[in-house]
Amino acid sequence: MFKYLVLTPLLFIACSAWGGISEEERARWSKAAVKLDLSQPYSLCEKSANVVINQDVALFREIFVETPVNDEQVKAYLAEEHHKFFKKKYLGINNFRIDKGREWAFENAKNSSNYIVSSSAEKYGYDLELWINYKFDTFQTKDNRAHVAGGLCKLAYFQDKWQVISLL
């Protein structure tokens with residue numbers, strides 16, 4: 001149980017963040033992302049998938065924002081994420097790809113109109129957050145039908161480098 005008390009607030013568990021967001025705000029966030037060099041964030045997002053696929057604690061430590069948890073706690077978290085993507089919700093992650101052109105950057109993140117962004121930025125002290133859409137091929141667990149799933153990799157710019165704040 002302890003692992004969840006520590007990891008949950010640090011891993012920024014993804015939830016719906018789009019309710020009540022105007023098209024104007026989405027367009028602003030999208031334009032802000034176009035100004036960024038996205039090569040490193042794309043690479044980190046792809047590494048995030050590898051962390052989940054391979055339950056790779058060392059790679060997690062390399063790309064993820066520093067967390068005050070031990071390796072056993074990280075292993076437990078990664079095992080749960082792996083289970084979600086390989087047995088519970090989906091039947092694997094195949095052909096993982098970045099959905100290029102669908103990125104959102106939150107400049108001055110602490111003052112963002114998006115509560116998830118502003119609260120995380122305020123709590124952890126960064127000013128730039130980036131969300132990158134991804135897709136992958138998989139099968140539904142309920143009926144074993146082929147399916148294209150997707151989600152968001154979330155990154156923040158800490159101390160002159162990008163770090164992952166939400167794996168997949």
Side-chain angles (χ1 to χ4, degrees), residues 1-19 21 33 38-106 109 114-121 123-124 126 129-158 161-168:
M1 184 64 164
F2 176 73
K3 68 180 178 174
Y4 299 109
L5 296 175
V6 173
L7 282 175
T8 299
L10 294 170
L11 297 177
F12 307 101
I13 301 304
C15 62
S16 177
W18 296 118
I21 303 300
L38 297 173
S39 57
Q40 186 183 19
Y42 285 164
S43 174
L44 289 169
C45 188
E46 290 168 353
K47 288 179 181 181
S48 292
N50 289 331
V51 166
V52 173
I53 291 166
N54 301 314
Q55 301 178 63
D56 189 334
V57 174
L59 185 56
F60 174 89
R61 294 279 189 206
E62 179 185 318
I63 67 170
F64 205 84
V65 64
E66 189 174 318
T67 58
V69 294
N70 64 41
D71 285 353
E72 289 304 312
Q73 291 168 313
V74 173
K75 281 181 190 177
Y77 170 73
L78 294 179
E80 188 169 298
E81 287 296 292
H82 186 270
H83 181 78
K84 177 174 77 176
F85 283 95
F86 284 81
K87 293 185 179 167
K88 185 177 180 182
K89 196 170 182 182
Y90 308 110
L91 296 175
I93 297 174
N94 301 298
N95 190 26
F96 183 90
R97 58 208 178 268
I98 304 298
D99 193 5
K100 292 184 179 179
R102 299 209 29 174
E103 302 85 11
W104 293 276
F106 302 87
N114 183 301
Y115 177 75
I116 291 171
V117 173
S118 62
S119 61
S120 296
K123 186 173 183 178
Y124 296 101
Y126 57 85
E129 184 168 331
L130 178 65
W131 293 2
I132 298 174
N133 274 299
Y134 64 83
K135 293 180 181 178
F136 61 93
D137 300 327
T138 191
F139 292 90
Q140 299 275 4
T141 55
K142 294 178 182 175
D143 57 15
N144 207 28
R145 289 192 318 175
H147 176 67
V148 176
L152 294 167
C153 286
K154 296 181 182 179
L155 303 99
Y157 197 70
F158 284 100
K161 69 177 183 175
W162 287 104
Q163 292 184 285
V164 175
I165 58 174
S166 179
L167 290 173
L168 298 180

### Query
What pairs with Tyr115 under ring pair (Phe, Tyr, Trp, His ring centres under 6.0 Å), at least two apart in sequence or on another chain?
none

### Summary
residues 137-147 vs salt bridge (charged side-chain N to carboxylate O under 4.0 Å, His left out), sequence neighbours excluded, gives Arg97-Asp137, Asp143-Arg145

#### Entry: Glu80 side chain vs Tyr77 backbone, donor-acceptor pair below 3.5 Å
no

### Query
Partners of Gln163 by side chain to side chain donor-acceptor pair (under 3.5 Å), sequence neighbours excluded?
none

### Query
Quick one: are Val65 and Tyr124 in side-chain contact, heavy atoms under 4.5 Å?
no

### Sequence neighbours excluded - disulfide (SG to SG under 2.5 Å) pairs with any residue from residues 43-91
Cys45-Cys153

#### Entry: Partner residues of Tyr42 under the ring pair (Phe, Tyr, Trp, His ring centres under 6.0 Å) criterion, sequence neighbours left out
none

### Student check: side-chain heavy atoms of Ile53 and Phe86 closer than 4.5 Å
yes

### Query
Can you find a heavy atom in the side chain of Trp131 that is under 4.5 Å from one in the side chain of Asn114?
yes

### Task
Please list, chain by chain and in numerical order, all residues satisfying side chain to side chain contact (heavy atoms under 4.5 Å, CB included) with Thr138, sequence neighbours excluded.
Tyr90, Phe136, His147, Ala149

### Task
Look up atom CD in Glu129 and atom CG in Leu155, then write down how far apart they are to the nearest 0.5 Å.
8.5 Å

### Message
Once rounded to the nearest 0.5 Å, what's the spacing between atom NZ of Lys100 and atom NZ of Lys135?
### Response
13.5 Å

### Query
Are Leu168 and Ile93 close enough that some pair of their side-chain heavy atoms sits under 4.5 Å apart?
yes

### Task
List for me each residue that meets side chain to side chain donor-acceptor pair (under 3.5 Å) alongside Tyr157, sequence neighbours excluded, and say none if there are none.
none

### Message
My understanding is that only residues two or more places apart in sequence, or in another chain, count here; which of them pass salt bridge (charged side-chain N to carboxylate O under 4.0 Å, His left out) with Lys89?
### Response
none

### Task
May I ask you to test the Arg61-Asp71 pair for a side-chain heavy-atom distance under 4.5 Å?
yes

### Short side-chain to backbone donor-acceptor contact, Asp56 and Leu59, under 3.5 Å
yes

### Task
Determine yes or no for a side-chain-to-main-chain donor-acceptor pair under 3.5 angstrom, with Glu62 supplying the side chain and Phe60 the backbone.
no

### Message
Would you say that Val148 contacts Asn95 through its side chain, given a criterion of any heavy-atom pair below 4.5 Å between the two side chains?
### Response
no

### Query
Is Ser120 reaching over with its side chain to a backbone N or O of Ile116, donor-acceptor style, under 3.5 angstrom?
yes

### Task
Mind checking the OH-CD1 spacing from Tyr134 to Ile98? Nearest 0.5 Å is all I need.
9.5 Å

### Message
Taking side chain to side chain contact (heavy atoms under 4.5 Å, CB included) as the definition, give me every residue that meets it alongside Lys75, ordered by chain and number, with sequence neighbours left out.
### Response
Val57, Glu72

### Query
Can you name the residues that form a side chain to side chain contact (heavy atoms under 4.5 Å, CB included) with Ala79, not counting sequence neighbours?
Gln55

### Query
Is any side-chain heavy atom of Ile63 closer than 4.5 Å to a side-chain heavy atom of Ser48?
yes

### side-chain contact (heavy atoms from CB on, under 4.5 Å) between Leu44 and Ile132, intermediate numbers included
CA-CA 10 Å; Leu44 289 169; Ile132 298 174; over 6 Å; no

### With His83 via side chain to side chain donor-acceptor pair (under 3.5 Å) - residues at least two apart
none

### Query
How would you list, by chain and number, every residue that makes a side chain to side chain contact (heavy atoms under 4.5 Å, CB included) with Leu91, sequence neighbours excluded?
Phe139, Thr141, Asn144

### Query
Between atom NZ of Lys47 and atom CG of Leu167, what is the distance when rounded to the nearest 0.5 Å?
13.5 Å

### Task
May I ask you to test the Ile165-Tyr126 pair for a side-chain heavy-atom distance under 4.5 Å?
yes

